[in-house]
Amino acid sequence: MADNEKQNSMNMAPIGVFDSGRGGLTVAREILRQLPNEKIVYFGDTARVPYGSKSKETVIRYSRQIVRFLLTKNVKAIVIACNTASAFALEELKREFDIPIIGVIRPGAKAAVENTVTKRIGVIGTEGTIRSAIYSEVIHEYDREAIVLGKACPLFVSLVEEGWLHDTVTDEVAGRYLSEFKNRDIDTLIMGCTHYPLLRSTIMKTMGEDVFLVNPAYETAASLKRLLDKNGIASKADLIPKPEMYDYYVSDAPGKFIEFARSIMPIEIETAAQINIEEY
Ligand code: DGL
């Protein structure tokens, strides 16, 4: 292949996006909105979800298998949509694989630092993400004086999976978890888990409108755009999103995944293929 043909096929290659399950579709959705001419191959590890309560070693092993799988789809870059996998596995994967890989933590942390005035930032996420203290670590790279308060909110994932986005039970759970931040003067809260942006209105109601909510999914799509441009691998085609530009793979039966995807993706999803991720 001539050099410019090779470059062209690289530009047209899809972005690999992966998550522990379906929540990462909140990131795929932002990529679709902000980079409408990019193709996506999405993998949701629906057989092994949740990652939030698993050990670092296990999450790294799972993530490594997923990257190997995505490479068979000739992706040009990889986005780790899962906060827990970003927290535990990003650095390791970057060392092991020769492909641009980004996670959701740094873009979210950076946006929080840019927004805060009080320099007091709250972070909510899975047990794994909060235990890793990764948001705090990255925030301190940008601002050593910032104070970071973390709180694991594991039930939020189940409430979203159950579809209880606007429900008195969800209000009650949010009230309990977020009371941790009462009188702590935080002006910025990072929704550090794939599912939490879907609870935005409940979280906002509980925290009050003065607290700015950072959606790492949104920030990551913006950061992906810069990464593609910097590496000269952005799609130059004049495409508009069509179902055939998005391929979905899962590790368990796809029924529930498709149902969830239909409720949040702005374009139709027809199928998701089930694969055996343990083979990779
Ligand atoms: N995707 C996970 C995250 O963003 C949440 C679900 C899970 O625990 O696997 O951390």
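Counting starts at 1 for both ligands and their atoms, in listed order.
For Phe43 and Tyr248, the distance between ring centers is not under 6.0 angstrom. The aromatic ring centres of Tyr42 and Tyr249 sit 6.0 Å or more apart. Less than 6.0 angstrom separates the ring centroid of Tyr280 from the ring centroid of Phe69.
Defined by atom type and a distance below 3.5 Å, a donor-acceptor pair is present between the side-chain atoms of Tyr135 and Asn83.
Near Cys193, meaning under 4.0 Å from any of its heavy atoms, are these atoms of ligand 1: 3 (C), 4 (O), 5 (C). Residue Gly52 approaches ligand 1 through these ligand atoms, each under 4.0 Å from one of its heavy atoms: 7 (C), 8 (O), 9 (O). Atoms of ligand 1 found under 4.0 Å from any heavy atom of Thr126, numbered from 1 in the order shown, are 5 (C), 8 (O), 10 (O). Ligand 1 places these atoms under 4.0 Å from at least one heavy atom of Asp19: 1 (N).
Residue Gly192 has no N or O atom closer than 3.5 Å to an N or O atom of ligand 1. When only interatomic distances are considered, the shortest N/O to N/O separation between Thr194 and ligand 1 falls below 3.5 Å.
The salt bridge (charged side-chain N to carboxylate O under 4.0 Å, His left out) analysis of residues 85-113, with sequence neighbours excluded, yields the pairs Arg64-Glu96, Glu92-Arg95, Arg106-Glu141, Lys110-Glu114. Residue pairs meeting the salt bridge (charged side-chain N to carboxylate O under 4.0 Å, His left out) criterion with at least one partner in residues 210-236, sequence neighbours excluded, are Lys225-Asp229.
With salt bridges taken as basic N to acidic carboxylate O contacts below 4.0 Å, none links Lys73 and Asp247.
Here Val49 has side-chain heavy atoms under 4.0 Å from ligand 1, and that is the only part of it that gets that close. Of the heavy atoms in Thr84, both backbone and side-chain atoms come closer than 4.0 Å to ligand 1.
Among protein heavy atoms, the minimum distance from atom 6 (C) of ligand 1 is reached at Ser20 OG, 3.6 Å.
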